[in-house]
Amino acid sequence: MFEFRIIAECPVTGARAGELNTPHGIIKTPVFMPVGTLATVKAMSPLELEEINAQIILGNTYHLFLRPGTEILSEAGGLHEFMNWHRPILTDSGGFQVFSLARLQKITDEHVLCRSHIDGSQLIMSPEWSMNMQGILGSDIAMCFDQCCEYPASHEKAEEAVNRTALWAKRSRDYFMAHNDPERQALFGIIQGSVYDDLRKRSAEEIIALDFPGYAIGGLSVGESHEAMYHSLDLLNGIMPKNKPRYLMGVGYPPNIVEGIARGVDMFDCVMPTRNGRNATVFTHTGRLNMRGASHAHDFSPLDSECDCYTCRNFTRAYLRHLAMTGEILGSRLFTWHNLRLTISIAEEARDAIIAGRFPEYMKHFTETFHDGDEE
RNA sequence: GGUGGAAUGGCCGAGUGGUCAAUGGCAACAGACUGUAAAUCUGUCGACGGGAGUCUACCAUGGUUCAAAUCCAUGUUCCACCA
């Protein structure tokens, strides 16, 4: 279980196409993974997710711990059964909430003392807590409990996060090996280090030394420039083991995905397609569009003529803008549907190009046609 | 026909002598969103000007006052109740 096979590699960039085995099926990489924090990819049913070829989705340990909680999830027989999604699931450890809910907590090496963002009640997050919860969730891929550091952060702060992440990675692994089932669940390590080369390198070495079946790059896409992100990816591309899957956490802006793939990344996840979709911003092959814009009022063309999604096959921009302006639920659904399909299809296109030996051409074409900022 | 009440910026609606180009909300326009405290948040929103500022504005006309969206008179329209 969990063997990762590289099928093709781009000789120019180092981009890879692979297959990752999991108990719920094979994942073809590069892959984009929709985020389903609370046991639902917001606005999408499992049927629809299958329709857009979502191979694997995310769930979140912290949020699911609060609601519905361990009791109901274990009664349900795990997250797959609970939400009726039978393809692979990756669960985030709650480490990101150490970053995003930082105001509500006190962090020590021992644990994170946290106040629930829902009712203010106290809870303790730790590597052991996270592994236990992820065991109950029964995800195919579990993540180490890490500390994601804010940006910008001083070298000192970033180093603290690197040290703690290494300490917690070891504790995550030890607890996981003793209590979880490595045949049914893989535990991935997470590399931190902010934008500091020495810290990235050290973090990578420390995490890789613990020998995980896959490695994630955390602490990026938190506000740093694209150049800084790409620089860190270049550095890590030379350090991370080639025979293990690599997961760039939190990245979903289309150009970032393509650039990430070119730097040897296999897996991506991001709330951007779903959140921006609900907020009426869509991505196309040529850029980004705010669908509330008056310029679409009389436009009876599809969102993206190259897209094969349900939204693009059936609805005009004029109608979609109308849904956005009236705040109709269908608008949120159709925009999410499109954004997810588009993001997933970019990973698919890149994979096809790698296998066909024309990834550099694909990337060149993508970069030339996708305009940063708004479309055209 | 009588009595009482009301008329404010695209809409709703505060304001009842100067600090009012006028609170709020909606609509509109624009922007943000990267391991989800987000179907959320931010900005603009009378005209002209880069700005200081100038002009036109709170139903209409006239008046009181240094000063009126605010007070008075008349008119117009609308609402409620009574006949």
Side-chain angles (χ1 to χ4, degrees), chain A residues 32-44 56-64 66-67 89-105 114-120 130 134 139 141-149 151 165 188 190-192 215-226 228-229 247-257 259-260 265 267-283 288-297 321 323-336 339 343 373-374:
Chain A
F32 176 78
M33 310 182 283
V35 177
T37 305
L38 277 163
T40 166
V41 175
K42 295 184 194 297
M44 297 289 285
I56 167 172
I57 63 172
L58 264 68
N60 184 278
T61 300
Y62 167 83
H63 289 285
L64 292 169
L66 292 182
R67 293 183 300 197
I89 293 177
L90 181 151
T91 42
D92 189 27
S93 61
F96 186 72
Q97 279 63 45
V98 176
F99 157 78
S100 65
L101 301 170
R103 297 172 279 300
L104 300 171
Q105 35 189 255
C114 182
R115 294 242 303 273
S116 158
H117 71 279
I118 297 163
D119 63 6
S130 179
Q134 293 187 75
S139 52
I141 300 170
M143 299 303 298
C144 279
F145 189 69
D146 67 325
Q147 183 178 358
C148 178
C149 154
Y151 180 88
T165 293
F188 279 23
I190 303 177
I191 297 162
Q192 289 290 338
Y215 298 96
I217 302 159
L220 289 179
S221 65
V222 287
E224 79 286 358
S225 69
H226 290 172
M229 180 196 292
Y247 163 27
L248 176 55
M249 307 182 83
V251 164
Y253 181 55
N256 292 168
I257 291 176
E259 296 287 340
V265 176
M267 303 161 72
F268 302 84
D269 82 283
C270 194
V271 304
M272 194 178 268
T274 44
R275 180 185 289 168
N276 282 33
R278 290 194 307 285
N279 294 332
T281 296
V282 299
F283 297 96
R288 183 176 52 194
L289 288 175
N290 177 356
M291 286 310 295
R292 280 189 298 243
S295 59
H296 306 113
R321 173 181 131 92
L323 294 180
M325 294 308 279
T326 49
E328 284 292 335
I329 295 171
L330 184 61
S332 294
R333 283 179 31 71
L334 293 176
F335 292 136
T336 300
N339 278 347
T343 312
D374 290 343

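Per chain, numbering begins at 1; letters A, B, ... match sequence-line order.
- Comparing atom distances between the A/A294 side chain and each of B/C33, B/A30, B/A39 picks out B/A30 as nearest.
- Both distances falling under 3.5 Å, in either a Watson-Crick or a G-U wobble arrangement, occur for no nucleotide opposite B/C58.
- Straight-line distance between the C1' atoms of B/G9 and B/G24: roughly 14 Å, to the nearest whole Å.
- In this structure, A/M229 CE and A/I217 CD1 are separated by 10.0 Å, a value rounded to the nearest 0.5 Å.
- The base of B/U36 has none of its N or O atoms less than 3.5 Å from a complementary donor or acceptor on the side chain of A/H117.
- Distance A/L289 CG to B/G31 P: 11 Å, rounded to the nearest Å.
- Across the protein-nucleic acid pair, A/N276 atom CG and B/G31 atom P stand 13 Å apart, rounded to whole Å.
- If you take atom C1' in B/A21 and the same atom in B/G53, they sit 14 Å apart, rounded to whole Å.
- Of the nucleotides present, B/G43 is the one that pairs with B/C29 by Watson-Crick or G-U wobble criteria, both distances under 3.5 Å.
- With distances taken from any side-chain atom of A/Y253 to the nucleotides B/A37, B/A39, B/U34, the minimum falls on B/U34.
- At a threshold of 4.0 angstrom between heavy atoms, the contacts of A/E328 with the nucleic acid are absent.
- Relative ring orientation between A/F283 and A/Y253 is described as perpendicular, the plane-to-plane angle rising above 60° on a 0-90° scale split at 30° and 60°.
- Of the listed nucleotides (B/A39, B/G35, B/A37), B/A39 has the atom at the smallest distance from the side chain of A/R278.
- Distances were taken from every side-chain heavy atom of A/L58 (C-beta onward) to each of B/G35, B/A37, B/U34; the shortest belongs to B/G35.
- Comparing the C1' positions of B/A6 and B/G75 gives a spacing of 16 Å, expressed to the nearest Å.
- With both pairing distances under 3.5 Å, B/U19 is matched to nothing as a Watson-Crick or G-U wobble pair.
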Before you tell me yes or no, could you show the steps for A/F96 and A/H63 under ring pair (Phe, Tyr, Trp, His ring centres under 6.0 Å), namely the whole-Å CA-CA distance, both residues' side-chain angles and the distance that decides it to 0.1 Å?
CA-CA 11 Å; A/F96 186 72; A/H63 289 285; 9.6 Å; no
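- Atom name P, nucleotides B/G31 and B/A38: the rounded distance is 25 Å, in whole Å.
- The CG atom of A/D92 lies 6.5 Å from the OG1 atom of A/T61; values are rounded to the nearest 0.5 Å.
- Across all strands shown, B/A6 forms a Watson-Crick or G-U wobble pair, both distances under 3.5 Å, with B/U77.
- Side-chain atoms of A/N60 and base atoms of B/G35 include no donor and acceptor less than 3.5 Å apart.
- In the set B/A32, B/U34, B/U36, the nucleotide with an atom closest to the side chain of A/N256 is B/U34.
- Across all strands shown, A/M325 has heavy atoms under 4.0 Å from sugar-phosphate atoms exclusively, and none from any base.
- Nearest approach of A/C270 to A/G250, heavy atoms of both residues: SG-O, 3.7 Å.
- Of the candidate nucleotides B/A39, B/A37, B/C33, B/A39 has the atom nearest to the side chain of A/S332.
- At the phosphate of B/A30, neither OP1 nor OP2 sits under 4.0 Å from any side-chain N or O atom of A/N290.
- If you take OG1 on A/T91 and CD1 on A/I141, they are separated by 9.0 Å, rounding to the nearest 0.5 Å.
- In terms of phosphate contacts, A/S221 brings no side-chain nitrogen or oxygen within less than 4.0 Å of OP1 or OP2 of B/U34.
- In a base pair of the Watson-Crick type (N1 to N3 plus N6-O4 or O6-N4) or a G-U wobble (N1-O2 and O6-N3), with each distance short of 3.5 Å, B/C48 is matched with B/G53.
- With hydrogens and angles ignored, no donor-acceptor pair closer than 3.5 Å exists between the side chain of A/R288 and the base of B/G31.
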Would A/Q97 and A/N60 satisfy side-chain hydrogen bond (donor to acceptor under 3.5 Å, both in side chains), going step by step from the backbone distance to the final call?
CA-CA 9 Å; A/Q97 279 63 45; A/N60 184 278; 3.0 Å; yes
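- Checked against B/G31, B/U36, B/C29, the side chain of A/V35 finds its nearest nucleotide in B/U36.
- B/U40 atom P lies 14 Å from atom CZ of A/F335, rounded to whole Å.
- Using a 4.0 Å heavy-atom distance criterion, A/L248 is classed as making no nucleic acid contact.
- When rounded to the nearest whole Å, the span between CE of A/M291 and P of B/A32 equals 15 Å.
- Evaluation of atom-type donor-acceptor distances gives a pair under 3.5 Å for the side chain of A/T274 against the base of B/U36.
- B/G62 and B/A28 are spaced 39 Å apart, taking the P atom of each and rounding to whole Å.
- Take the nearest nucleotide of RNA chain B for A/R292 and for A/S93: the residue whose nucleotide is more 5' is A/R292.
- Contacts of A/N279 with the nucleic acid, taken as non-hydrogen atoms under 4.0 Å apart, include base atoms.
- Contact annotation: A/Q97 reaches the phosphate of B/U36 (side-chain N/O to OP1 or OP2, under 4.0 Å).
- No hydrogens or angles were tested; on distance alone, a donor-acceptor pair under 3.5 Å links the side chain of A/D92 to the base of B/G35.
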